[in-house]
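Report on the structure given below.
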Amino acid sequence: MAQRLIIHVDLDYFYAQCEENANPSIHGKPVIVCVYSGRTSESGVVSTSNYEARKYSVKAGTAIATAKKLLVSTDAIFLPMNRPLYDSVSGRIMNILRDHGDFFEQTGIDEAYLDVSESSKGEYDVAKMIGSNIKETILLQEHITCSIGIAPNKLLAKLASNHVKPNGLTVVEPEQIHSFLDGQEVNRIPGVGKKVEEKLHASNVKTIDDLSRLSPIALQEMFGKKVGTYLFLAARGEDNEPVQDKELPTQMSRIGTLKENTRDYNVIRPVLSELTRSLIEKIQDEGLNCKSVSIIAILSNLTIQTRSRTLESHAKDLRTIDECAQQLLREFIESSPEAVLRRVGVKVTGLSKSSGQTNIESFFSTKVPR
Ligand code: DCP
Ligand code: CA
Ligand code: CA
């Protein structure tokens, strides 16, 4: 088996970069995206800031009042969060990323892992080209820069994408793992928050190198079996977690019970259409489309029968899917003279993220003050 090759992509100063693109006149100025608590015009915290603002130590979590003081001598722009804007940019970029990996896993609004082991044939040079291509495509299509890490597993890929920012591309090959990890602080390890960090600092463990000197038993005594083992492996750059799309379902269905058992097409059809309408609403909300449609017939003797059809191309519009479901129902009733239905259902399979606009709002996602 070829060695594993994982890419981690993290978009740079994401909310602030979206704001810069939505309003080019703020380019070059410190930009601060704020979560206003609403009590006073200055209460709340910074959600993120661009790199100009970070030069003044203004970053995520800084109080807005503090940020205003730190940036008093500048032409800083303070903006409220515009989540619909960031969601639509993120959705389009995730679709780009999904196309570049054998496996894809989104882990936040602005980050994802790609498994490229197969498509790169385990070659770092090929993976690097895939990484550069991702950067170019996102920049060209969305005017967003990102930082990329390429490594033999998710843990190292994430640390690598964080290593050079913004607009970085860091590769960690197997023989570089130890030198890459050694000097880094323990809080760089994903999952190491304040509590774990404090406990490690109390034992004089500051860097990953220090951490790698602790025995698995010592670590398990300090943090329990699960976390202790994780830290022991992480200090060595080991991690076997697969890249898997957790969010994306592959199928969805709706089933309803008929008022009475029947095989009358005209009675069943409106029930099926209503179920289809509700299902399509759901897949459109999730930005998905489907490749095949099935109907499910649960008969009066409780046996279950299904009929399926593959669509000519992926679809998410009610008309196509409703027509297909109705036709399947008609064919099922005609071909099963004994069948009396108790319940009926519709199922869509082969779900994938629809590229392009998923709803009308994303066309209008310019800034609206809130
Ligand atoms: N975010 C937030 N509050 C935080 C951290 C992040 O609201 N405490 C939001 C705003 C960020 C986005 O999530 O733009 C992504 O978070 P990152 O930690 O990846 O930070 P950025 O993308 O802003 O900056 P960087 O360039 O360091 O990745
Ligand atoms: Ca980011
Ligand atoms: Ca992130």
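Residue numbers run from 1 in the order of the sequence given. Numbering of ligands and ligand atoms starts at 1, following listing order.
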Say whether Y86 and ligand 1 are in contact under the criterion: heavy-atom distance to a ligand atom below 4.0 Å.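 No, that is not the case, since the closest heavy atom of the residue is not under 4.0 Å from the ligand.
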So which atom in L156 and which in G237 form the shortest heavy-atom distance, rounded to 0.1 Å? CD1-O, 3.3 Å
Going from CD on Q327 to CD1 on I295, what distance comes out if it is rounded to the nearest 0.5 angstrom? 11.0 Å
Students should be able to answer this: which protein heavy-atom is nearest to [atom], and at what distance?
atom: atom 12 (C) of ligand 1; value: Y15 CE1, 3.9 Å
atom: atom 20 (O) of ligand 1; value: T48 OG1, 4.4 Å
atom: atom 8 (N) of ligand 1; value: A60 CB, 3.8 Å
atom: atom 25 (P) of ligand 1; value: K165 NZ, 3.3 Å
atom: atom 16 (O) of ligand 1; value: D110 OD2, 4.1 Å

Any side-chain donor near an acceptor of the partner, [X] and [Y], under 3.5 Å:
X: S117; Y: Q3; answer: no
X: S179; Y: D182; answer: no
X: E20; Y: Y13; answer: yes

Is there a chain of hydrophobic side chains (I, L, V, M, F, W, Y, each step under 4.5 Å between heavy atoms) that links [X] to [Y]?
X: F103; Y: I93; result: no
X: I255; Y: L275; result: no
X: L258; Y: Y265; result: yes

Does R83 count as lying over the ring of Y86, i.e. NZ or CZ under 6.0 Å from the six-ring centre, within 45 degrees of the axis?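 Because its charged atom misses either the 6.0 Å distance or the 45° angle limit, R83 does not stack over Y86.
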Salt bridge (charged side-chain N to carboxylate O under 4.0 Å, His left out) partners for E323, two or more places apart: R319
Side chain, backbone, both or neither: M81 near ligand 1, heavy atoms under 4.0 Å: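 Answer for M81: neither.
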Within ligand 1, which atoms have a heavy atom of [X] less than 4.0 Å away?
X: L11; value: 22 (O), 28 (O)
X: Y51; value: 25 (P), 26 (O), 27 (O)
X: R54; value: 21 (P), 23 (O), 24 (O), 25 (P), 26 (O), 27 (O)
X: Y13; value: 21 (P), 22 (O), 23 (O), 24 (O), 25 (P), 26 (O)
X: F14; value: 14 (O), 21 (P), 22 (O), 23 (O)

Only one of I6, I130, L169, T170 clears side chain to side chain contact (heavy atoms under 4.5 Å, CB included) with I150; which? L169
Cationic N near anionic O, under 4.0 Å, E331 to R307: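 Salt bridge: no.
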Check this for me, if you would: do E274 and R254 make a salt bridge, where the nitrogen-to-carboxylate-oxygen distance has to be below 4.0 angstrom? no
Near the Ca ion (ligand 3) (cut-off under 3.0 Å), count of protein N, O or S atoms: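 Those protein atoms number 3 in total.
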Taking distance alone, with N or O pairs closer than 3.5 Å, would you say D12 contacts ligand 1?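 In this structure, D12 places no N or O atom under 3.5 Å from an N or O of ligand 1.
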Proximity winner for atom 3 (N) of ligand 1, if only heavy atoms of S47, C18, G61, A16 are counted: S47
Does the protein put a heavy atom less than 4.0 Å from atom 14 (O) of ligand 1?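 True for atom 14 (O) of ligand 1.
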